[in-house]
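Because the structure is predicted, anything quoted here is derived from the model rather than measured. Residue numbering restarts at 1 for every chain, and letters A, B, ... go by the order of the sequence lines. Just so it is clear, the values below take in all heavy atoms, side chains as well, and ignore hydrogens, waters and symmetry mates.
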Protein chains: 2
Amino acid sequence: MTEAVSPDAVRARGSGTQSVYAALRTEILSMALSPGSPLDEVRLSERFGMSRTPIREALLRLSADGLVTTLPNRNTIVATIDFAALPPYFDALTLMYRVTTRAAAARRDPAGMQEVRRHQQAFAEAVEAHDAYGMIEANREFHVAIAVLGGNPYYVSFFSRLLDEGRRILRLYYSTFDDRLPRQYVEEHEAIIAAIEAGDVDTCDRLAIAHAAQIVRQIQEYVARDMGKATAIQNL
Amino acid sequence: MTEAVSPDAVRARGSGTQSVYAALRTEILSMALSPGSPLDEVRLSERFGMSRTPIREALLRLSADGLVTTLPNRNTIVATIDFAALPPYFDALTLMYRVTTRAAAARRDPAGMQEVRRHQQAFAEAVEAHDAYGMIEANREFHVAIAVLGGNPYYVSFFSRLLDEGRRILRLYYSTFDDRLPRQYVEEHEAIIAAIEAGDVDTCDRLAIAHAAQIVRQIQEYVARDMGKATAIQNL
DNA sequence: ACGGCGCAGAGTGTCGACAGCCTGTATTAT
DNA sequence: ATAATACAGGCTGTCGACACTCTGCGCCGT
């Protein structure tokens, strides 16, 4: 879990910050580090075998990504998930689903579709294997690839960020279900691919809306069920 | 211009990074620091009268904002403006104009409208005074206030970022014109305010599209004229 | 004259240390 | 017993120093 680094592996100059950033980012997004847990600079520096400076810079970047919250003069904690902010989140997510899928259809780049298909296949395999983490990751890559096809870097970066934030929520959701129903997502993805290749913008828009609504409904059901319990407990 | 800091003003603990970040950010957005100019950590530390650490952290935050580009093991430069990326930029900007204005109309928060009106007035005053920098800033605040009214923090942060990036482009544009025609923008803003207050979502959408198109057209004319010259020179 | 090599200078990446702030605990006064 | 206060510990914010890497220039060989 907290695997130590081989003692005297002198890493390349400049790689310190990046490796810590990547490692922490993965752990946060995969929920290996639960929201709210404290990140101590000294302890991290011991764990990664380097001084506090690279650690600090990694935390700063994570903070810019919104993955971590810095309490001035106190400590840094993994950003909490604000369930109250879910409706706006889904709003934004739906919008980006639509915009990127439409743009991809309008441009029709057969070469880029290879990439999309690759991720779709990875997604399908993860579904077959009941591999929740793999599904989430492949799903993200699938949609990012479509956004890239769309050709608007502003959408790509915003969408990526939304999808990353969603990874933590999806992780909660999948972990309670051990799902077998995401097979439907596979079919919806296939339909989206077909519509993009046909250059059918209107169908893309419809499919994107439906796809988003599907996800939103599933998660809202989950929230209503499990969070209902949680608040009930809290209100005792 | 490069005003020095009073020698022995011991700043509050933790304010170092923030003040440097704010100062550099302002200078970059106002084009006081031209794109591509180098930012030397040592020189900055001398100028701000502090060690390199807070400077570094400020630069890191600016880099996360995309305002600055870090060349590993070399130096940091002010991010350049990529004119090739203008079409996607305008695409994204138009979308956010529409989405935020619509959302604001759908929610109709009379209290929040005060804030919007305040910025609109500041904008009108800047136009009267032919104050290009004031116009740009007030315009940004005006649209951000509308986005806040819309109630979606994801849109607010994405839109803010787009508008900030636009500040530098607008600055180029205004600086060549010394404009008196932005009076039209004032009228368009008024129309938008009226439509929001009426809760007329469709009209808001139309106005937002028109407003964006207006800006896009102006800037494209500018680019066609002045950049045409520039590329002509480059191709000699 | 021209191309490859080495060198010096500049600037960053990393480190260890110090000082200040915050929290929680123990102590004291009421 | 309770509340305010002082204290100790932990952690962050900042500093100055060192090592490494890159660039540009001058030197040397051809």
So, do A/His189 and A/His143 have ring centers that fall under 6.0 Å from each other?
yes
Pairwise distance CG(B/Leu39) to OG(B/Ser63) - rounded to 0.5 angstrom:
11.5 Å
So that I know where these two stand, are B/Phe158 and A/Phe158 an aromatic pair - ring centroids less than 6.0 Å apart?
yes
Can a side-chain donor-acceptor contact be found between B/Glu57 and B/Tyr21 if the only test is distance below 3.5 angstrom?
no
Is it true that A/Tyr222 and A/Gln218 share a donor-acceptor pair across their side chains at a distance under 3.5 Å?
no
Assign a letter to each nucleotide of nucleotides 7-16 of chain C from its 5' end: B, base within under 4.0 Å of a protein heavy atom; S, sugar-phosphate only; -, no contact.
----BBBBB-
